[in-house]
Asker: 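One structure coming up, written as structure tokens, with questions to follow.
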Amino acid sequence: MNPNVEKPPYPDFVKHSEYTASGLKDLLDQGRLEEFYKRSKKLLKENGRIQDKNTEQVQNDLWTFYYIAAAPLFQMDASPEIPDSWREDKTLDYDVKTSAARYIATQDIDRLAAVLSVSREKIAGLYALYAAKILHDIKQNYDPDLGEKQKRQLQEEEEEEKKRLLYHDRKIDINQANLRSILIHNKINTEDLRNNAAKMRTDSLEKTFLNLLVEYFPGNAALVRKYIKLAGYSDKEIPDLIDRTVGREPKTKFLYKGAGRKKKMRP
């Protein structure tokens, strides 16, 4: 669990049912990450169907978003001989986190604040943080140089295999060497799949995230930039991010004023 993700200001649910966030933490504590994401996916789907939620249901959503935002992504072991612990869906973690961020973006935070009897600022801060951490995690998992790294890895592995097969008292035969080659290529295919998915999910979430921030913090460029930075963007990247997502229009004009904008883009 990411310790930098703030917990909801309500007790976690102790009542266990298939439609509550109860049990998600247990799955994480037990290292059952694939099951965690499967259960989270089901929770998002089923709870998204409920209209006019009561206080407990809104709190349940908050805890579900928290666990998804704070949960780690699948991690690949560097050794090709070690199979991935997650099997069925290679991008399940990205998909669930992306769905959670989009679900958050659909919420009417004014109504939720009224249901929970808390300030709009509190709900906006929590939801903006969860969306930011989700985008951050996926964005950080995209490696633009992955292709070159894989190419070098393949060349190194091929040289090692040739050396092993030349040994008079070699410990592996040609079939074992071929098996290792297959395992390496399988690992690379999974890396490619996940890397491409990370890039696509990042691109699709950027606009959702910026629209959410503009809605949550109208006129407050400082808060918008705060959460953009939490999502993993530098001061230098922020102007281009704003331009390619929300752009200049009446409700976003405040983002084009003050520090952090390129001089030529100032009104």
Asker: According to a 4.5 Å side-chain heavy-atom criterion applied to Ile, Leu, Val, Met, Phe, Trp and Tyr, with indirect links allowed, do Phe74 and Met200 form part of one hydrophobic cluster?
Answerer: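 No, because Phe74 and Met200 fall into different hydrophobic clusters, even though each may have its own neighbours under 4.5 Å.
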Asker: Side chain to side chain contact (heavy atoms under 4.5 Å, CB included) between Gln140 and His136: does it pass, once the steps are laid out?
Answerer: CA-CA 6 Å; Gln140 294 301 112; His136 174 275; 3.6 Å; yes
Asker: Using a 3.5 Å distance criterion without hydrogens, assess whether the side chain of Lys90 forms a donor-acceptor pair with backbone atoms of Leu193.
Answerer: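 Pair absent, no side-chain N/O of Lys90 close to backbone of Leu193.
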Asker: Take a 6.0 Å sphere around NZ of Lys139 and say whether it holds more than 12 heavy atoms from other residues, nucleotides or ligands.
Answerer: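 More than 12 heavy atoms, drawn from other residues, nucleotides or ligands, come within 6.0 Å of this atom.
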Asker: Within the structure provided, determine whether Asn60 and Glu56 are in side-chain contact (heavy-atom separation under 4.5 Å).
Answerer: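 The answer is no; the side chains never approach within 4.5 Å.
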Asker: Please identify each residue that fulfils ring-ring contact (aromatic ring centres under 6.0 Å, His included) with Phe65, with sequence neighbours left out.
Answerer: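 Residues passing ring-ring contact (aromatic ring centres under 6.0 Å, His included) with Phe65: Tyr103, Tyr127.
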Asker: If only atom types and distance count, is the side chain of Thr190 paired as donor or acceptor with the main-chain N or O of Asn186 below 3.5 Å?
Answerer: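 Side chain of Thr190 to backbone of Asn186, a donor-acceptor pair under 3.5 Å: yes, one is there.
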Asker: Once rounded to the nearest 0.5 Å, what's the spacing between atom OG1 of Thr55 and atom OH of Tyr10?
Answerer: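 The distance works out to 8.5 Å.
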Asker: Could you tell me whether the side chain of Thr252 and the main chain of Leu255 form a donor-acceptor pair under 3.5 Å?
Answerer: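 No, because the side chain of Thr252 does not come within donor-acceptor range (under 3.5 Å) of the backbone of Leu255.
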Asker: May I ask you to decide whether Asp93 forms a salt bridge with Arg194, counting only side-chain N to carboxylate O separations under 4.0 Å?
Answerer: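 Arg194 and Asp93: salt-bridged.
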Asker: Could you check if a side-chain atom of Leu43 sits within less than 4.5 angstrom of a side-chain atom of Asp61, using non-hydrogen atoms only?
Answerer: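 Side-chain contact under 4.5 Å: no.
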Asker: Heavy atoms, side chains only, cut-off 4.5 Å: are Asp243 and Tyr256 in contact?
Answerer: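 Of all side-chain heavy-atom pairs linking Tyr256 with Asp243, at least one is under 4.5 Å.
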Asker: How long is the span from the CZ atom in Arg39 to the CZ atom in Arg32, to the nearest 0.5 Å?
Answerer: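 CZ of Arg32 is found 10.5 Å from CZ of Arg39.
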Asker: How far apart are the closest heavy atoms of Tyr37 and Pro72, and which atoms are they?
Answerer: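 Looking at all heavy atoms of both residues, the shortest contact is OH-O, 2.6 Å.
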Asker: May I ask you to test the Pro9-Val118 pair for a side-chain heavy-atom distance under 4.5 Å?
Answerer: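 No. Closest side-chain heavy atoms not under 4.5 Å.
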Asker: Below 4.5 Å, heavy atoms only, C-beta onward: do Leu116 and Leu62 meet side chain to side chain?
Answerer: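 Yes, their side chains come closer than 4.5 Å.
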Asker: Search all heavy atoms of Val115 against all heavy atoms of Asn54 and return the closest pair with its distance.
Answerer: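 Closest heavy-atom pair between Val115 and Asn54: CG1-C, 3.9 Å.
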Asker: Distance check, rounded to the nearest 0.5 Å: Asn4 atom CG versus Leu230 atom CG?
Answerer: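 Result: 9.0 Å between the selected atoms.
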Asker: Tell me, yes or no, whether the heavy-atom count around Lys53 atom NZ, taken from other residues, nucleotides or ligands under 6.0 Å, exceeds 12.
Answerer: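 Counting other residues, nucleotides and ligands, NZ of Lys53 exceeds 12 neighbours.
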Asker: Less than 4.0 angstrom from a charged side-chain N to a carboxylate O is my criterion; do Arg49 and Glu46 meet it?
Answerer: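 Here Arg49 pairs with Glu46 in a salt bridge, since their nearest N and O are under 4.0 Å apart.
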Asker: How long is the span from the CG atom in Leu73 to the OG1 atom in Thr91, to the nearest 0.5 Å?
Answerer: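 Rounded to the nearest 0.5 Å, the CG-OG1 separation comes out at 11.0 Å.
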Asker: Can you measure from CG (Leu112) to NZ (Lys122) and round to the nearest 0.5 angstrom?
Answerer: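 Spacing of CG (Leu112) from NZ (Lys122) equals 14.5 Å.
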Asker: Measure the shortest side-chain to side-chain distance between Leu126 and Glu6 over non-hydrogen atoms and say whether it is less than 4.5 angstrom.
Answerer: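 When only atoms from C-beta onward are counted, Glu6 and Leu126 do touch, with a gap below 4.5 Å.
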Asker: Between Trp63 and Val58, is there a donor-acceptor pair closer than 3.5 Å when you use the side chain of the first and the backbone of the second?
Answerer: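 Not a single qualifying donor-acceptor pair exists.
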Asker: Is there a side-chain contact between Tyr227 and Leu212 (heavy atoms, below 4.5 Å)?
Answerer: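 No, every pair of side-chain atoms sits at 4.5 Å or beyond.
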Asker: Determine whether Leu135 and Arg201 make a side-chain contact, defined as any pair of heavy atoms from C-beta on separated by less than 4.5 Å.
Answerer: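 No, their side chains stay 4.5 Å or more apart.
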Asker: Search all heavy atoms of Ile134 against all heavy atoms of Ala100 and return the closest pair with its distance.
Answerer: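 Closest approach of Ile134 to Ala100: CD1-CB, 4.0 Å.
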Asker: If you look at every heavy atom in Ala198 and Ile138, which pair is closest and at what distance?
Answerer: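 Closest approach of Ala198 to Ile138: O-CG2, 3.6 Å.
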Asker: Under a 3.5 Å threshold, yes or no: a donor from one side chain and an acceptor from the other, between Tyr233 and Glu206?
Answerer: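 The criterion, which ignores hydrogens and geometry beyond distance, is satisfied for Glu206 and Tyr233.
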Asker: Kindly indicate, with the supporting measurements, whether the criterion side chain to side chain contact (heavy atoms under 4.5 Å, CB included) is fulfilled by Lys41 and Asp95.
Answerer: CA-CA 9 Å; Lys41 182 178 181 179; Asp95 296 341; over 6 Å; no
Asker: Assess whether salt bridge (charged side-chain N to carboxylate O under 4.0 Å, His left out) is satisfied between Lys229 and Asp235, documenting all intermediate values.
Answerer: CA-CA 8 Å; Lys229 289 181 180 180; Asp235 284 322; 2.9 Å; yes
Asker: So, taking the atom named OG1 in Thr245 and the one named CG in Asp240, what distance separates them when rounded to the nearest 0.5 Å?
Answerer: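 One gets 10.0 Å once the value is rounded to the nearest 0.5 Å.
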Asker: Begin with the C-alpha distance, continue with both residues' side-chain angles, and end with the deciding distance and a verdict on side chain to side chain contact (heavy atoms under 4.5 Å, CB included) for Ile228 and Glu237.
Answerer: CA-CA 10 Å; Ile228 290 176; Glu237 293 175 306; over 6 Å; no
Asker: Name all residues meeting the side chain to side chain contact (heavy atoms under 4.5 Å, CB included) criterion together with Val5; count only those two or more places apart in sequence or in a different chain, and write none if there are none.
Answerer: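 Residues passing side chain to side chain contact (heavy atoms under 4.5 Å, CB included) with Val5: Asn2, Tyr66, Ala69, Ala70, Tyr130, Lys133.
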Asker: At their closest point, which heavy atom of Ala101 faces which heavy atom of Thr208, and how far apart are they?
Answerer: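 Residues Ala101 and Thr208, closest heavy atoms: O-CG2, 4.4 Å.
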Asker: Pair Leu241, Arg244 - check side chain to side chain contact (heavy atoms under 4.5 Å, CB included), show working.
Answerer: CA-CA 5 Å; Leu241 174 66; Arg244 69 174 179 266; 3.7 Å; yes
Asker: For Ala71 and Leu28, which heavy atoms make the closest approach, and how far apart are they?
Answerer: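 Smallest interatomic distance, heavy atoms only, reads CB-CD2, 3.9 Å.
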Asker: Under a 3.5 Å distance rule, please check whether Asn211 uses its side chain to pair with a backbone N or O of Lys207 as donor and acceptor.
Answerer: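 Yes, the answer is positive, given that a donor and an acceptor are paired below the 3.5 Å cut-off.
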Asker: Between Asp203 and Tyr142, does any side-chain donor sit less than 3.5 Å from a side-chain acceptor?
Answerer: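 The criterion, which ignores hydrogens and geometry beyond distance, is not satisfied for Tyr142 and Asp203.
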